[in-house]
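Below you'll find the structure, written out as structure tokens, and then a few comments.
Values in this document were obtained by computation on a predicted structure and should not be read as measured data. Below, each value reflects all heavy atoms present in this structure, side chains not excepted, and no hydrogens, waters or symmetry copies.
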Amino acid sequence: MTTATQDKISSEQLDQLCINTIRFLAVDAVQKANSGHPGAPMGMAAMAYTLWTKHLRFNPKNPHWFNRDRFVLSNGHASMLLYSLLHLTGYDLPMEQLQQFRQWGSITPGHPELGVTPGVEVTTGPLGQGFANAVGMGIAEASLGANFNRPGHEIVDHYTYVFTGDGCMEEGITHEAASLAGHLQLGKLIYFYDDNEVTIDGNTKIAFTENVNKRFEAYNWHVQDVADGNDIAAIDAAIVAAKAVKDRPSLIVCHTVIGYGSPHGQGTSKVHGNPLGKLGKDEVKLTKENLGWPVEPAFYVPDEARQVFLAAGERGAALEAEWNQKFAAYKSAEAELAGKLERALKRELEPGWDAKIKVYKPEDGPIATRNVGGNVMNAIADSVPTLLGGSADLNESTFTKLEEFPDFEPSEAKGGSYQGRTINWGIREHGMGAAVNGMAAHGGVYPFGATFFVFSDYMRAAVRLSALSNLPSIFIWTHDSVAVGEDGPTHEPIEQLMALRAIPNLTIIRPADANETAEAWRLIPQMSGPVGLILSRQKLPVIDQNKFAKASNLSKGAYILSEAQGGTPKLILIATGSEVSLAMEAQPKLEEAGVPTRVVSMPSFELFAQQDEAYQQTVLPDGVSARLSIELGISVGWEEWIGPGGASLAIDHFGASAPYERVLKEFGYTVENVVAVAQNLLKDPKSTRRSLKENQTKFAHGGHISSAPAAGDEGHS
């Protein structure tokens, strides 16, 4: 078929030509790679064609146009569906890249990755993550629209569309995110549920028999059912109807056939994650013949179909040009507001944004770093106008509520408005983490989510994806150690600190006192990637910056807080967070015993690792092998910084329920024990490490301490 014959085919035939183009680009790419998931793209092609050519607002020549509609492929294993659409509509994704699907060096990885492929909005594949990311995008759009739009100047006004499948619907994260979206009445969210009733192990009925439509209606979603996922007119009408609903997110349930057109595979799990050729050597040929498609060449794109898709992309360029004119008029009418929006979109902070951050003095008295974190956030909230987030039902404990602003809610009747700044995430840690990522990917806001540190485990998958995607997500975790005390081992983080440090590209900051916490907040809004801020429940003394090093050194990750007398240390105490003050108390005792001792505060492994070797040597010189790390967490991971001659005062067991002072004493976090361990380390490093390890076995059974020695008794020296 050629361009010259286009007028001879009906619009229905042209539609099918376009849909089959999507299908067979996916089929051929998966077949060539001998790896991938052809079934979902084949089943969802009609949905994708209808949305992308009739409704989606995007500009392939400028994938970052701010007011574009967002498209999220939550069932990311169907990546070839998205890559086909991006290629066909004119993004910088040439055919050669489709032909290199899942190969080394290509920009078409097995699952979509933000920053790798032009037009990919978020990294998806772990099922349900994209679903929740999109809720964050809807939150960001609603917040920016409410705060920056003015009558006659609707500058922020776009939809977020999501494709999601049976696997996403089964994941717990989608329950959390859908419940929140319904509560918040996010009407700019439109989801398509690819209900093909097939997962890897077979028909969904083996494990998934709930009524999804009723579930989403109970979540306060607008739900429509399209009986035939190939019915373009029905899909189009459903999208139009969804757009008309302003006070609820929408779910369009499309009943599709996985692997549509494959004679031996359609409707079965055989086509979920296998090239069609694995069903039989002629299955690709038979499928093409079944749908009236040329068997050769592979990766065939009819001219008529290409023109339709390119026209959709070209319309986007006109839409952006129209929006640019609107923004120019907005800027003329609302210059100050427009300036703030422009800076927010560029992640440029307002001049003097940090002027109200307090500098703490010892006479201010001991203060928990969680309290300081809240104080700083409220101090900068007015000058960082798009700081937006909240806690997982823990405002009274994390102190992350922005007090001078209403809550982020759909109406005043619920206690706020979309102009509000505190999001009540509810007890939905995983959904919160992924939504924060979606907000960060959307842009224009500084998003944060907060909870107790031990519950970072509930959100770890989302945190990992923030790091993989290099998103500027802000995660605030309070109640950072066994000093939680009476709540006991279920609420006392032990392994979480090192487990999060193990995630590449994630910066963890655990401040030692009020001023380090303030300095962390000076740094966080300027960071390009994700950060986890770890804060204490218990009060910590303020370290005197007139006597010791300035807390501004936090930006280097580790620094000499207090130098040894005479300047030539024989021992280095390296501590983080609340344990820094313990090291500071132990230092004069060791000096009195004739041990010149340096104290290093190390709030961030990651920031210190970024420093050049010369700086690292000034802090931890090779010539001082006696190094004792002091941290209320596992010892694994400290080897890099303490070296072969060092040791770790750590907790390689679970905590215990008791007042935190008693817990710390029982586990050896006392000045006397630090001094004793340090002195033994100078005498015999191997014996000291062995003794510390043996001591851990005393507490290895769930934190039961009835037979454990008190600090200072045998076993703690």
Side-chain angles (χ1 to χ4, degrees), residues 369 429 433 451-468 473 475-484 489-512 516 520 529-537 554 557-558 572-580 582-583 600-610 616 620 627-644 646-656 663-664 667-669 674 677 689 692-693 695-697 699-700 702-703:
T369 54
E429 293 89 353
T451 188
F452 290 169
F453 190 28
V454 75
F455 300 136
S456 63
D457 285 344
Y458 281 158
M459 53 196 297
R460 184 179 175 86
V463 175
R464 183 178 189 272
L465 283 180
S466 73
L468 176 61
S473 301
F475 304 112
I476 302 167
W477 293 304
T478 68
H479 297 61
D480 69 340
S481 71
V482 294
V484 168
T490 61
H491 284 56
E492 294 171 353
I494 297 294
E495 73 281 10
Q496 283 74 16
L497 191 52
M498 282 299 181
L500 287 164
R501 286 172 176 155
I503 297 177
N505 202 42
L506 174 65
T507 300
I508 296 297
I509 303 176
R510 186 171 181 243
E516 278 199 359
V531 58
L533 183 61
I534 319 297
L535 303 176
S536 74
R537 171 182 182 263
L554 173 135
I572 301 177
L573 300 179
I574 314 169
T576 78
S578 56
E579 295 80 81
V580 172
L582 176 60
V600 169
S601 176
M602 196 172 201
S604 176
F605 281 22
E606 297 77 22
L607 293 176
F608 187 59
Q610 292 170 16
Q616 291 181 5
L620 300 175
R627 305 175 188 174
L628 178 64
S629 67
I630 310 170
E631 187 169 71
L632 289 167
I634 62 173
S635 58
V636 173
W638 272 107
E639 299 85 357
E640 180 178 3
W641 308 121
I642 62 173
S648 291
L649 179 58
I651 303 180
D652 290 315
H653 52 78
F654 292 114
V663 174
L664 296 181
F667 291 161
Y669 287 81
V674 170
V677 172
R689 288 195 295 270
L692 287 168
K693 186 173 182 179
N695 186 59
Q696 299 294 317
T697 63
F699 306 101

remark   = What one should report as the nearest heavy-atom pair of G433 and A462 is C-CB, 3.6 Å
ask   = Can you tell me if Q610 uses its side chain to pair, donor with acceptor, with the backbone of G557 under 3.5 Å?
value = no
ask   = Which distance, rounded to the nearest 0.5 Å, do you find between the CG of L573 and the CD1 of I630?
value = 4.5 Å
query = Do NZ/NE/NH1/NH2 and the carboxylate oxygens of R501 and E631 come within less than 4.0 Å?
reply = yes
message = Just verifying a value: how many Å separate W638 CH2 and L628 CG, rounded to the nearest 0.5 Å?
response = 9.5 Å
inquiry  = Quick check: do V663 and Y669 have side-chain heavy atoms less than 4.5 Å from each other?
reply    = no
request  = Mind checking the CD1-OG spacing from I534 to S604? Nearest 0.5 Å is all I need.
outcome  = 10.0 Å
query = With a cut-off of 6.0 Å (strictly less than), are more than 12 heavy atoms of other residues, nucleotides or ligands near CZ of F455?
reply = yes
key: Any residue meeting side chain to side chain contact (heavy atoms under 4.5 Å, CB included) with E639, in chain and number order, not counting sequence neighbours   = none
query = Does any non-hydrogen side-chain atom of M498 lie less than 4.5 Å from one of V636?
reply = no
query = Quick one: does E429's side chain have a donor or acceptor within less than 3.5 Å of a partner on Y458's backbone?
reply = no
ask   = Is there side-chain contact between L632 and L497, with at least one heavy-atom pair below 4.5 Å?
value = no
key: Nearest atoms (heavy-atom pairs only) where A467 meets N505   = O-ND2, 2.8 Å
query = Taking atom CZ of R464 as the centre, does the number of heavy atoms from other residues, nucleotides or ligands within less than 6.0 Å exceed 12?
reply = no
task = Locate the shortest heavy-atom distance separating P489 from F654; write the atom from each residue and the value.
result = CB-CB, 4.2 Å
From L533 atom CG to F475 atom CZ, the distance as rounded to the nearest 0.5 Å = 12.5 Å
request  = Please name the pair of heavy atoms, one in R689 and one in G646, separated by the smallest distance, quoted to 0.1 Å.
outcome  = NH1-O, 2.9 Å
message = Once side-chain hydrogen bond (donor to acceptor under 3.5 Å, both in side chains) is applied, do any residues pair with R460, and if so which ones, sequence neighbours excluded?
response = none
request  = Indicate the atoms forming the closest heavy-atom contact of T451 with M459, along with that distance.
outcome  = CG2-SD, 4.0 Å
query = When rounded to the nearest 0.5 angstrom, what distance separates CG in N695 from OG1 in T697?
reply = 7.0 Å
remark   = Contacts of S456 meeting side-chain hydrogen bond (donor to acceptor under 3.5 Å, both in side chains) (sequence neighbours excluded), chain-then-number -> none
request  = Ignoring hydrogens and angles, tell me if any N or O in the side chain of T576 forms a donor-acceptor pair with the backbone of P603 under 3.5 Å.
outcome  = no
Note, D457 side chain near E495 side chain (heavy atom, < 4.5 Å) = yes
key: Donor-acceptor under 3.5 Å (D652 side chain, S635 main chain)   = yes
Side-chain donor/acceptor of T507 to backbone N/O of V531, under 3.5 Å = no
remark   = For T369 and P511 the tightest heavy-atom approach is CG2-O, 4.3 Å
inquiry  = E492: which residues meet the side-chain hydrogen bond (donor to acceptor under 3.5 Å, both in side chains) condition with it, sequence neighbours left out?
reply    = none
inquiry  = Would I651 and H653 count as a side chain to side chain contact (heavy atoms under 4.5 Å, CB included) here? Give the steps.
reply    = CA-CA 6 Å; I651 303 180; H653 52 78; 3.3 Å; yes
message = Show, in sequence, the C-alpha distance, side-chain angles and deciding distance for E640 and F608, and conclude whether the side chain to side chain contact (heavy atoms under 4.5 Å, CB included) test is met.
response = CA-CA 12 Å; E640 180 178 3; F608 187 59; over 6 Å; no
query = Is Q496 reaching over with its side chain to a backbone N or O of I494, donor-acceptor style, under 3.5 angstrom?
reply = yes
task = Mind checking side chain to side chain contact (heavy atoms under 4.5 Å, CB included) for A609 and listing every partner two or more places apart, or none if nothing turns up?
result = W641
inquiry  = As a quick check of understanding, evaluate side chain to side chain contact (heavy atoms under 4.5 Å, CB included) for F452 and R537, giving each step before the final call.
reply    = CA-CA 10 Å; F452 290 169; R537 171 182 182 263; over 6 Å; no
task = Would you check if W477 and L535 make a side-chain contact, meaning some heavy-atom pair closer than 4.5 Å?
result = no
E579: side-chain hydrogen bond (donor to acceptor under 3.5 Å, both in side chains) partners, not counting sequence neighbours = R510
task = Could you tell me whether the side chain of S629 reaches within less than 4.5 Å of the side chain of S648, counting heavy atoms only?
result = yes
